[in-house]
Amino acid sequence: MSAPGSFTDDTYVRRPGRFASVRREQWDSWHWQHQNRLRRPADFDGVFDLSDDERRGFAQGAERFHVAITPHYAALMDGDDPHCPIRRQALPAGAELREYPFELADPLGEERYMPVPGLTHRYPDRALLYVTHHCPVYCRHCTRKRKVSNPETAASKTQLEAGIRYIADTPAIRDVIVSGGDPLTLSDERLDHILGSLRQIPHLDVIRVGTRNPVTLPQRITDGLADVLRRHGPIYVNTHFNHPAELCRQSIRALQRLVDARCVVGNQMVLLRGINDDASTVMTLNRGLLRHGCRPYYILQCDMARGITHFRTPLSTGLAIMDHLRGRIGGIGVPDFVVDLPGGGGKIELLPDYIVDRRRQGPTEIIRFRNFRGEEFDFVDVDRSN
Ligand code: SF4
């Protein structure tokens, strides 16, 4: 395999030797990708040699949080570099086993705000509906490790219907996020039913779908799925690219299909140490996303979840990235940098400090700002007596 990083990479062309005899039609089938996921160390024979740390992660960490990697996502990895940003997102590592007293099983308090099982209602106008605990690839930085990848905690049909009924009976809810796990692991028929049921609720303005399939299993974005999304549109699709090397040919085609299906597509990047914690990586990613109709929506500070502290960066890292982006890429490429407060406090946005000084001058206040180049400017503020 060659090193990843080009927007025009085609994972079929890059496929590891293990899949040498696979035909293009098989590779392009999401069912084939799903059935051939890499789950155990032996599955990496003919892919690349696992590092000692990855083997240790398999031996000790995979029990707590399963491993699953689509052949597509494995083809994006650099087999010669254990620090490869794609590899680190999906392969277990010894650091997952370290425990810290501040880590939380449910860092966002999602279970605490559940009026019915499988639905979080925290903000007055929004609800999160969990439709599955299954994902094509289990991201090692997942904030919902407590239940994602565990089939025993998956949403039953009755639970799902109760969640939809709760939304229908609660007129204050205007915005629903269909989440999981990854909702696009469900069949087209099931998604058609869920989205159709939500669309019939008159007080809903917004239906969102949170999915990492465009990154980890872009073959899932078929014409059939696009028809379902178009039928119930506009659907706001938030996906989760973390690194420019993930923007390969298949992912670009998936984004284009979503855009063609009237979806409003945004990206929620999680800031991850050693993966995307520098401004040039984020800039390259955001430019690539914009080129294909996906708006950088959030940079999320990595949560205080158990087993992911080795991915976390200081808040100052995110602020420095925001400071770099502002002024160097149009506002459409500057996402909000957000911290989701532990225990269910909700999201807050952090901004670099642009105010250098403020002083009164008669009835006005002079505020001294700095811009992205460090140049300073006085702005005369008024109050209602002016
Ligand atoms: S796709 Fe989302 S829910 Fe699934 S493992 Fe990754 S971060 Fe967690």
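Note: hydrogens, waters and symmetry copies are ignored here, and every other heavy atom, side chains too, is used. When a ligand or atom number is given, it counts from 1 through the structure's own listing order.
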Does the pair [X]/[Y] count as a salt bridge with the N-to-O cut at 4.0 Å?
| X | Y | result |
| --- | --- | --- |
| Asp45 | Arg18 | no |
| Arg55 | Asp52 | no |
| Asp81 | Arg87 | no |

When you measure from [atom] to every protein heavy atom, which one gives the shortest distance, and what is it?
| atom | result |
| --- | --- |
| atom 8 (Fe) of ligand 1 | Cys142 SG, 2.4 Å |
| atom 4 (Fe) of ligand 1 | Cys135 SG, 2.3 Å |
| atom 1 (S) of ligand 1 | Arg212 CB, 3.6 Å |

Single hit among Asp323, Asp357, Asp353, Asp378 for salt bridge (Lys or Arg N to Asp or Glu O under 4.0 Å) with Arg370: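 The residue from Asp323, Asp357, Asp353, Asp378 that satisfies salt bridge (Lys or Arg N to Asp or Glu O under 4.0 Å) with Arg370 turns out to be Asp323.
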Heavy-atom contacts under 4.0 Å between Cys139 and ligand 1: side chain, backbone, both, or neither?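 The part of Cys139 near ligand 1 is both the backbone and the side chain.
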